[in-house]
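This report concerns only the one structure given below.
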Amino acid sequence: MRVTERILEEVSKLPEPLQAEVLDFAQFLASKVSREAKPKDEPSLTNVSLSLAMHGMEDEDVPAYSLDDLKQVF
């Protein structure tokens, strides 16, 4: 018996709400595979959004903080 057939057999025994969870998980795995297969030179939407949000901030003056500035150390 192939893995796909075994999965179908087991999932069909579950109540419908749990079948929906299995479907969500399978879709998550498919999207993960799709993301990993994307060429690395193609920027993701997240990276583009972050890049646009941070545009120009590299020229801003930022205060130099040190460990002495911490009020509480974890």
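Since this is a predicted model, take the numbers as computed values, not measurements.
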Across all chains, not counting sequence neighbours, the side-chain contact (heavy atoms from CB on, under 4.5 Å) partners of R2 are T4, E5
Across all chains, not counting sequence neighbours, the side chain to side chain donor-acceptor pair (under 3.5 Å) partners of K32 are none
For residues 11-28, please give each side-chain donor-acceptor pair under 3.5 Å, one per line with the distance, not counting sequence neighbours.
unit_1 : atom_1 : unit_2 : atom_2 : d
S12    : OG     : L8     : O      : 3.2
S12    : OG     : E9     : O      : 2.7
K13    : NZ     : E10    : OE2    : 3.4
Q19    : NE2    : V11    : O      : 3.0
Q19    : NE2    : L14    : O      : 2.9

Scan the side chains in residues 62-74 for donor-acceptor partners under 3.5 Å anywhere in the protein, sequence neighbours excluded, and list what turns up.
unit_1 : atom_1 : unit_2 : atom_2 : d
S66    : OG     : D68    : N      : 3.3
D69    : OD2    : S66    : N      : 2.8

